[in-house]
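Letters A, B, ... are given to chains in the order of the sequence lines, protein chains preceding strands, and every chain is numbered from 1.
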Amino acid sequence: MQYLDGLNEPQREGVVNTEGPAMIIAGAGSGKTRVLTYRIAHLVNAHKVDPFNILALTFTNKAALEMRHRIENVIGAEARNLWMGTFHSVFARILRAEAGFLGYPANFTIYDTDDSKSLIKTIVKEQELDEKVYKANVVLNRISGAKNRMISWQAYINNPEYFAEDEANMKPKMGKLYRIYSERCKRAGAMDFDDLLFNTNILFKNHIDVLNKYQHRFNYVLVDEFQDTNISQYIITRKLAAVHQNICVVGDDAQSIYAFRGADIRNILNFEKDYSDIKIIKMEQNYRSTQNIVNVANSVIARNRAQIHKQVWTTNQSGELISLLKASSDHEEGRLVASSIFEEKMQNKIQNSDFAVLYRTNSQSRAIEEALRRVNIKYKIVGGLSFYQRREIKDLLAYMRFTINHNDEESFKRIVNLPKRGIGPGTINKILVAAEEHTISIWEVIENIHQFIHGKVSATLSGFVTLIKRFELEVNHKDAFDAATLIAKQSGILKELYEDKTIEGLSRYENVQELLNAVKEFVDNTDNKDVNLGAFLQEVSLLTGVDTDKSDDNNVVTLMTIHMAKGLEFKNIYIVGLEEDLFPSQMMLSSRADLEEERRLFYVAITRAKEKLTLSYALTRYRFGRLKNCEPSRFLDEIEPKYIQVDTKFSFSEPVIPNRTKSFINSVRRDVQKKSANTFKKTGDYTVSPGFEPSDTSALEIGMKVEHPKFGYGKVLDIDENGAGRKAKVKFDNFGEKTLLLSFAKLRIHE
DNA sequence: GACTCCGATCTTTTT
DNA sequence: GATCGGAGTC
């Protein structure tokens with residue numbers, strides 16, 4: 001067992017103590033993945049356990065894939081037989097096999113968040129409720145929260161407490177919406193992300209024989225990132241491990257950052273109470289970071305109350321101090337980060353791939369990107385809008401989904417009029433209403449449309465039905481690639497995009513080709529036993545932004561949210577946007593009063609760094625299209641000043657930490673405003689656009705004479721600076737004063 | 001029904 | 001900055 005060499009004592013214990021319940025508390029950088037990998041390898045090698053009897057659950061596809069590769073390196077091809085995957089993918093697989101018990105078809109569709117929201121919007125409209133009150137997001141969150149706590153719509157409706165809560169929130173119809181949403185999903189043969197867990201629980205609760213089957217199959221159950229499990233996930237794993245009691249959970253309460261998604265930190269804090277004979281192993285030695293970084297991380301997390309006591313330590317060198325960059329604006333922040341990366345690269349001969357820039361929200365990436373482009377540093381963005389969320393991709397996938405499952409309401413709405421068949425919202429609405437009234441599926445309605453809708457219905461609808469039927473026939477004896485190609489061609493999607501010669505249309509066309517490539521890859525991958533279209537869709541519906549990252553050039557700077565960075569490490573880490581309201585997030589604080597989770601997020605970000613950590617903040621920032629003043633984050637004050645070194649080469653020289661003052665901040669703000677006024681004010685002649693173009697915000701000035709295609713000539717009276725110059729008040733000669741949104745208004749400037 | 005224009009509105013993080 | 005939806009027009 002040579003893999004046991006070089007492990008420290010707790011790591012070794014984590015690997016060899018395979019029997020009975022165990023909880024491994026793994027501090028940041030303590031070699032968690034290594035232990036988990038070796039533990040599984042040890043089960044197979046030393047205990048001769050069949051990989052088929054081992055279930056290993058992770059949160060991301062990436063983590064699952066990486067672990068599978070690492071295990072393969074130790075035990076070889078046998079690793080393929082492990083039941084290893086995300087909670088969602090493993091349980092989707094089980095649900096497909098057992099769908100009949102729940103009254104679902106085996107080819108059920110998985111609704112992503114967009115589908116769920118769209119369905120909720122439709123329902124809210126049908127119920128004639130106020131869409132402003134019943135916002136899709138809010139309703140979905142409420143439903144999702146209930147499902148994550150395993151509260152069915154029946155239980156929800158029967159519980160007066162929930163109703164009282166909803167009434168207090170001015171949303172008394174929430175229970176009804178939950179009911180209709182669930183019924184609609186079921187009738188569409190669709191499960192949303194939460195259903196994959198919720199229904200697994202139902203399955204195991206109502207069908208003991210099914211539960212028994214899996215209980216006996218999984219002799220060993222391992223859970224990675226246990227701190228991020230919600231109650232629903234926890235109950236499932238506990239049930240599965242109930243027979244053999246070989247459950248091993250690995251996690252770090254200090255890195256629990258998914259409470260917003262229902263993760264319950266109590267799962268890890270209380271785990272030992274659920275198992276009397278539990279073995280608890282604490283891995284506290286950090287192999288990743290310098291002493292300074294470990295110390296700073298420790299001092300930050302020490303402020304949290306809810307945690308398991310541990311002392312993370314390291315024998316690494318003390319390393320550099322933490323750098324602090326102070327910027328006057330978000331754009332300057334980007335420039336500072338870019339210059340700093342540039343200089344580090346030059347001085348220390350570090351690769352692009354050794355850098356990562358982490359931020360709280362995806363929208364912050366823009367300023368950083370611009371700055372990196374300007375100094376010619378290659379970068380990639382991880383996460384954000386994923387490939388599979390693009391419109392054209394979703395369109396084609398919807399065709400495939402609808403071919404496989406004719407009842408998939410959301411796909412139907414997407415494609416029934418794409419390309420245009422003259423079937424507008426009116427008809428679609430009638431179809432949905434008919435389905436709802438007769439409690440039948442959409443397919444039944446459109447197959448026999450004249451029984452349900454009297455009056456004019458475009459004849460093209462029957463053409464659509466025939467098209468789908470033909471697809472269905474073809475798909476049966478084709479692999480996913482041939483099927484997808486056929487659908488792309490014959491649906492007309494490919495043709496429509498091909499004929500669109502705009503830059504956008506071109507990229508859309510390329511994206512569709514890219515999707516077809518992905519299908520090809522899926523079909524050619526020998527690991528996949530099933531290569532039909534249904535199998536491809538199953539895989540795709542659980543992919544996320546991270547999983548679709550396949551840039552060829554690997555020597556690039558990585559940009560991503562802190563959430564995405566969990567589990568990764570880089571030599572140099574930049575944490576940007578350390579401002580009150582942004583990080584910690586204003587929303588988080590007001591909605592959940594959970595500063596501790598934000599602090600854990602900060603902890604996760606800090607502990608990604610191996611050698612150098614740089615923090616930065618800006619004093620002004622564009623948010624929601626508006627220029628806002630910002631204050632440095634309280635988190636900066638939580639770091640002992642002796643660990644911080646202000647980077648004076650680029651930043652303001654005044655000390656902001658620890659004695660920052662209002663007057664200092666204001667003086668900087670004045671500078672910023674002066675500076676930006678000088679930088680951005682255009683002088684001299686303006687280009688007069690040949691036609692009417694949406695106005696260039698920066699080109700417009702008070703007093704200018706302008707021409708509008710409808711309103712004719714006028715004079716600019718005022719520009720709304722508060723809104724970053726987005727609105728202009730114009731007095732037209734014949735139409736009086738109008739306020740125009742400059743991103744839309746078409747104006748021609750006259751001198 | 002399709003299309004265009006424009007005001008209103010919303011932004012946390014992800015399976 | 002991007003997206004949604006209402007209003008108006010063809």
May I have the distance from [X] (atom [atom1]) to [N] (atom [atom2]), rounded to whole angstrom?
{"X": "A/Lys132", "N": "C/dC4", "atom1": "NZ", "atom2": "C1'", "result": "11 Å"}
{"X": "A/Met564", "N": "B/dT12", "atom1": "CE", "atom2": "P", "result": "17 Å"}
{"X": "A/Lys628", "N": "B/dT11", "atom1": "NZ", "atom2": "P", "result": "13 Å"}
{"X": "A/Lys125", "N": "C/dC4", "atom1": "NZ", "atom2": "P", "result": "11 Å"}
{"X": "A/Arg391", "N": "C/dC4", "atom1": "CZ", "atom2": "C1'", "result": "14 Å"}
{"X": "A/Leu543", "N": "B/dT15", "atom1": "CG", "atom2": "P", "result": "10 Å"}
{"X": "A/Lys147", "N": "B/dT15", "atom1": "NZ", "atom2": "P", "result": "18 Å"}
{"X": "A/Phe87", "N": "B/dT14", "atom1": "CZ", "atom2": "P", "result": "19 Å"}

Quiz item: If you pin A/Ile428 and A/Glu598 to their nearest nucleotides in DNA chain B, which one's is more 5'?
Solution: A/Ile428

Practice problem: For A/Arg421 and for A/Glu597, find the nucleotide of DNA chain B with the closest heavy atom, then tell me which residue's nucleotide is more 5'. | Solution: A/Arg421

Which nucleotide, [options], lies nearest any side-chain atom of [X]?
{"X": "A/Arg261", "options": "B/dT11, B/dT15, B/dT13", "answer": "B/dT15"}
{"X": "A/Phe193", "options": "B/dT13, B/dT15, B/dT9", "answer": "B/dT15"}
{"X": "A/Thr427", "options": "B/dG1, B/dA2, B/dT14", "answer": "B/dG1"}
{"X": "A/Arg366", "options": "C/dA2, B/dT15, C/dC4", "answer": "C/dA2"}
{"X": "A/Glu131", "options": "C/dG5, B/dT13, B/dT9", "answer": "C/dG5"}
{"X": "A/Lys135", "options": "B/dT14, B/dT15, B/dC10", "answer": "B/dC10"}
{"X": "A/Lys420", "options": "B/dT14, B/dT15, B/dC3", "answer": "B/dC3"}

Practice problem: Taking only Lys NZ, Arg NE, NH1 and NH2, and the carboxylate oxygens of Asp or Glu, determine whether A/Lys394 and A/Asp112 approach each other closer than 4.0 Å. | Solution: yes

Quiz item: Any Lys/Arg nitrogen of A/Glu579 or A/Arg621 sitting under 4.0 Å from an Asp/Glu carboxylate oxygen of the other?
Solution: yes

Exercise. Indicate whether A/Tyr258 forms a stack on B/dT14; treat it as stacked only if centroid distance is below 5.5 angstrom and interplanar angle below 30 degrees.
Key: no

Quiz item: With a 6.0 Å cut-off on ring centres, are A/Phe226 and A/Tyr234 close enough?
Solution: yes

Quiz item: Do the two ring centres, one from A/Tyr258 and one from A/His563, sit under 6.0 Å apart?
Solution: yes

Quiz item: Are OP1 or OP2 of B/dT13 and a side-chain N or O of A/Asn362 less than 4.0 angstrom apart?
Solution: yes

Quiz prompt | side-chain N/O A/Ser363 vs B/dT12 OP1/OP2, d < 4.0 Å | solution = no

Quiz prompt | Sugar-phosphate, base or nothing in reach of A/Asn417, heavy atoms under 4.0 Å | solution = sugar-phosphate

Self-check item: Side-chain donor/acceptor contact of A/Thr113 with base of B/dT15 under 3.5 Å
Solution: yes

Quiz item: side chain to side chain contact (heavy atoms under 4.5 Å, CB included) between A/Ile431 and A/Phe452: does it pass, once the steps are laid out?
Solution: CA-CA 8 Å; A/Ile431 294 170; A/Phe452 296 102; over 6 Å; no

Exercise. For A/Arg373, look at atom CZ and say whether over 12 heavy atoms of other residues, nucleotides or ligands are found less than 6.0 Å away.
Key: yes

